[in-house]
Participant: 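Sharing a structure below in structure tokens format, with a few things to ask.
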Amino acid sequence: MTEVTAPLLKADILRHLTFTLGKDVPNASLYDWRMALSFAIRDRIVEPWFASTRKTWETGHKRVYYLSMEFLIGRLLEDATINLGLRDMADQVMSELGQDFRAIVEDEPDAALGNGGLGRLAACFMESMATLGCPAYGYGIRYEHGLFRQRFESGRQVESPEDWLMSRHPWEFERPEAAYTIPFKGEVVTRDGREVWLPGETVQAEAYDTPVIGWQGKWANTLRLWSAKPTTMFDLERFNRGDYTAAAEPEALARTLSRVLYPDDTTYQGKELRLKQEFFLTSAALQDILRRFKAGGHSLRDLPKHVAIQMNDTHPAIAGPELIRLLVDENGMEFMEAMEIARACLGYTNHTLLPEALERWATFTFGSVLPRHMQIVERIDAWHRDTYHPPHWVGIVKHHEVRMGELAFIMSHKVNGVSALHSDLVKQNLFPELESLHPRIINETNGVTPRRWLKMCNRPLADLITKTIGDGWEADLDRLKELEPHVKKKSFLKDFDAAKRANKVALADWIAEHCGVTVSPDALFDVQVKRIHEYKRQLLNILETIARYHDIKANPQADWVPRVKIFGGKAAPGYVVAKEIIHLINDVAAVVNNDPEIGDKLKIVYPANYNVSLAERLIPAADLSEQISTAGKEASGTGNMKFMMNGAPTIGTLDGANVEILQEVGADNFFLFGLTAEEVIERRRNPDHARDAIAASQSLQDVLQMIAEGRFSPDEPGRYHQLVHRVWHHDYFLVAADFDAYRAAQAQVDKAYADRAGWLKMAALNTARSGFFSSDRTIRSYMADIWDVTSAL
Ligand code: 26V
């Protein structure tokens, strides 16, 4: 491939502006420039992409297939320029063309094809697999509407549809030739002793490919997203009869399948459309995998030698029965052999223990949407029962429900949790009986890609790291350890401070413009960003904020360490309690921010519509990372790792990957508080745990009193009666029990922050010791322990 130079890149951009977009320079808009630049950059990805595919075919290398209902990719332009080593050149060339590179980057809409952690993990994994030269395909759905947009009206969350595809998505290639028929419903008949599925409906799955380029452009993989199209476009007979709307019905019906991402990641609802989406993704992926495999000329018996399929949670767990169906019904294999082959290919990652999020489909729904799969599931279950004699309460089909966790477990050769603590809990609490019958649970602690989450989003810090330890750390994050000797040096800490401060100044400007709140960059930026969920305890954070407000009011002259409390996150549209918490945060913000006695001592900001791009802005500017879930509930967390990398110490509980963060960074550099997972269980045995905790805490009494009196909702004093009632009487997530410990930890933070040199050292050590949390480490471990695949580089 020809070396890229600035003049060549400029010529490419101008060529695309003219010939791809049909615009001349004087008439080009920001959008046109963004497209022209994106196409010019994309051109540079295509060659390594082809080369990677070619090499995989030539060497017959094993491939990994990552099946996920969500890929939360965010923006791609800057990421691509970073991995190709072209960011500075692109910046320079655009300014020569009279354009602002940052403005162009920020004009790109986020691809928000995910809810939160699970979807963002899939995106980080795709980038790491490309970086490591692991031949891989990601399979997902090309939702027309990603996660909803959030805005606040009088402090309440209001949702509106997201329309990232309204402007052209320049990174994808439509593949009309890669299309499969996806069957649903109908009935199963027996013909010549074999089961034959006669579907009642079909839709077409059509592929759209986005190349995923790894660090330094050495390897590229494909993210293949499926879009639903009708098998018959149009009912011509109806049209000719003048029934124009009805004529378009089949088309509209089919397209609903890939219309919208389910925005509720808290409760599983058993909706037929969701099951159809899951099967749509899975069947299209498996048909594509088998087509490619056969093109390689191998025998289906050898499938596990060439193919590893990872199920991202149970959402694609229909992969077990579907692979059996394709092998048996369409390729004439024996059932038992098909089952063994499927299991040797499949792996299952569990991402949650919350019982309400575990998928279970009513056999009625399952059997009517997927009648053939219902038979297959029953056969797997019967085989399992007769062969292993599990306790009577263990099995796939129980109480007229198909349990997708049990199905995924039995159909996989490896099952993994996403942090050390979580994997232990998966073993002990979720699948204890299955694990003792067939041990297969392992741990794969999550990670995040340091290219996006350090190099790209935090230029000041990334430049300082390179200046200090040289380059190469981006793909070898353990090298950050080399920063440790420098952490003792005043000059390094001064530079580290300057980098953090530059990010904080930039964020303060952004907040002034977008939230209308003035914050001082000298204040401690305390950040909690993640989905709003009771177990994540944003409520605990806002209660502590109110306590702080109360104390400042009582003693305004004291030497307060100025704080900015920053919140970000969306609530599932139907999650009433989560929405109430959002409302409370905004109500408290309105009172505190407008109290003249408070000034810079305390400010609360809650920018609307938290997404990947906003995370990239907030995390580099954070001084403190809030990871305060009820112990035992957060499977891992990945935001916690991003904050650590960007030099923000954690205030947190012993939950998820916090445990490993604490281990890596050391107790002196982490603000630990709260009940442990075991203590949480123990404490709940006392039905009065909340009342006892409130009785013991004057501060918590004051806070609850202020809320109950309507101090933050003067227009509607009773607005939070229910919320306060829940803390007293239904405090399942132990907000009251951990309140005093959390306050004490926050007081420690204030004290530590006041010691500038001590704080900077702690912050820098967080970066220096974050190497373990690179998703490269995670992917290497999946490759060795689950996929049995090596790098093709
Ligand atoms: C669950 C459901 C339930 C059914 C309907 C749709 C839907 C969509 C998404 C989910 C995902 C819930 C699980 C999840 O996101 N877990 C998070 O996974 C992260 C990556 O492993 C981990 O860091 C977080 O701790 C965990 O909450």
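Just so you know, ligand 1 is whichever comes first in the structure, and atom 1 is the first atom listed for that ligand.
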Participant: Is the closest heavy atom of His315 to ligand 1 under 4.0 Å?
Facilitator: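 So His315 counts as touching ligand 1.
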Participant: So, taking the atom named OH in Tyr535 and the one named NZ in Lys633, what distance separates them when rounded to the nearest 0.5 Å?
Facilitator: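 Result: 10.0 Å between the selected atoms.
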Participant: Are Phe279 and His373 close enough that their ring centres sit under 6.0 Å apart?
Facilitator: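 Phe279 vs His373: aromatic centres under 6.0 Å.
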Participant: Indicate yes or no: does an N/O atom of Ser636 lie under 3.5 Å from an N/O atom of ligand 1?
Facilitator: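 N/O-N/O distance under 3.5 Å: yes.
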Participant: Quick check: does Glu634 get an N/O under 3.5 Å from an N/O on ligand 1?
Facilitator: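 Yes, there is a polar N/O contact under 3.5 Å.
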Participant: Quick one: does Arg531 get within less than 4.0 Å of ligand 1, heavy atoms only?
Facilitator: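 The answer is no, since Arg531 has no heavy atom less than 4.0 Å from ligand 1.
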Participant: Specify the protein heavy atom at minimum distance from atom 4 (C) of ligand 1: its residue, its atom name, and the distance to 0.1 Å.
Facilitator: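 For this ligand atom, the closest protein heavy atom is Tyr268 CA, 4.0 Å.
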Participant: Is there a donor-acceptor contact under 3.5 Å linking the side chains of Tyr66 and Asn312?
Facilitator: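 Per modelled atom types, Tyr66 and Asn312 side chains form a pair under 3.5 Å.
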Participant: Can you find an N or O of Tyr535 that's nearer than 3.5 Å to an N or O of ligand 1?
Facilitator: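 Right, the criterion is met.
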Participant: Report the part of Val418 in contact with ligand 1, treating N, CA, C, O as backbone and CB onward as side chain, heavy atoms under 4.0 Å; options are side chain, backbone, both, neither.
Facilitator: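 For Val418, the contact with ligand 1 is made by the side chain alone.
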Participant: Can you name the atoms of ligand 1, numbered from 1 with element, that are less than 4.0 Å from a heavy atom of Glu70?
Facilitator: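 Under 4.0 Å from Glu70, ligand 1 has these atoms: 8 (C), 9 (C).
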Participant: Name the residue from Leu121, Val212, Thr131, Thr449 that meets the side-chain contact (heavy atoms from CB on, under 4.5 Å) definition with Met126.
Facilitator: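 With Met126 as partner, side-chain contact (heavy atoms from CB on, under 4.5 Å) holds for just one option, Val212.
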Participant: Calculate, to the nearest 0.5 Å, the distance between atoms CZ and NZ belonging to Phe773 and Lys642 respectively.
Facilitator: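 Between Phe773 CZ and Lys642 NZ, I get 13.5 Å after rounding to 0.5 Å.
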Participant: Under 4.0 Å from any heavy atom of Ala635, which atoms of ligand 1 are there?
Facilitator: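 Those qualifying, in numeric order: 25 (O).
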Participant: Pick one of side chain, backbone, both or neither for how Arg274 approaches ligand 1, counting any non-hydrogen atom pair under 4.0 Å.
Facilitator: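 Looking at Arg274 and ligand 1, just side chain atoms fall under 4.0 Å.
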Participant: Among the heavy atoms of Met69, does any lie under 4.0 Å from an atom of ligand 1?
Facilitator: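 Distance cut 4.0 Å: Met69 fails for ligand 1.
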Participant: Does ligand 1 have a heavy atom under 4.0 Å from the side chain of Thr266, from its backbone, from both, or from neither?
Facilitator: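 It is neither part, as no heavy atom is under 4.0 Å.
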Participant: Any side-chain donor-acceptor pair under 3.5 Å between Asn115 and Arg531?
Facilitator: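 Yes, Arg531 and Asn115 have a side-chain donor paired with an acceptor closer than 3.5 Å.
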Participant: Note the single closest protein heavy atom to atom 15 (O) of ligand 1, along with its residue, its atom name and the distance in Å.
Facilitator: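 Protein heavy atom with the smallest distance to atom 15 (O) of ligand 1: Leu118 CB, 3.4 Å.
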Participant: Could you pull out, from Leu121, Asp264, Asp265, the option with a heavy atom nearest to atom 6 (C) of ligand 1?
Facilitator: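 When every heavy atom of Leu121, Asp264, Asp265 is considered, Asp264 comes closest to atom 6 (C) of ligand 1.
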Participant: With nothing but distance in play, are any N or O atoms of His351 less than 3.5 Å from an N or O of ligand 1?
Facilitator: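 Looking only at distances, the answer is yes, because the N/O contact criterion of under 3.5 Å is met.
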Participant: Would you mind listing every side-chain hydrogen bond (donor to acceptor under 3.5 Å, both in side chains) that reaches into residues 416-427, with sequence neighbours excluded?
Facilitator: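 Output for this query lists Thr349-Asn416, Asn350-His422, Asn416-Tyr782, Ser423-Asn443.
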Participant: Side chains of Gln528 and Lys536: any donor to acceptor distance under 3.5 Å?
Facilitator: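 Distance-only check fails for Lys536 and Gln528.
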Participant: Do Asp110 and Ser613 have side-chain atoms, one donor and one acceptor, less than 3.5 Å apart?
Facilitator: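 There is such a pair (donor and acceptor under 3.5 Å, judged by atom type) between the side chains of Asp110 and Ser613.
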Participant: Side chains of Tyr65 and Asp288: any donor to acceptor distance under 3.5 Å?
Facilitator: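 The answer is no; no qualifying pair exists.
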Participant: Decide whether the shortest distance between a heavy atom of Gly637 and an atom of ligand 1 is less than 4.0 Å.
Facilitator: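 Flag set, Gly637 near ligand 1.
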Participant: Counting each atom of ligand 1 from 1 as listed, which ones have a heavy atom of Gly117 under 4.0 Å away?
Facilitator: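 Those of ligand 1 that fall under 4.0 Å from Gly117 are 19 (C), 20 (C).
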Participant: Output, in order, the C-alpha distance, side-chain angles, deciding distance and verdict of salt bridge (charged side-chain N to carboxylate O under 4.0 Å, His left out) for Asp265 and Lys570.
Facilitator: CA-CA 11 Å; Asp265 66 349; Lys570 299 176 182 178; over 6 Å; no
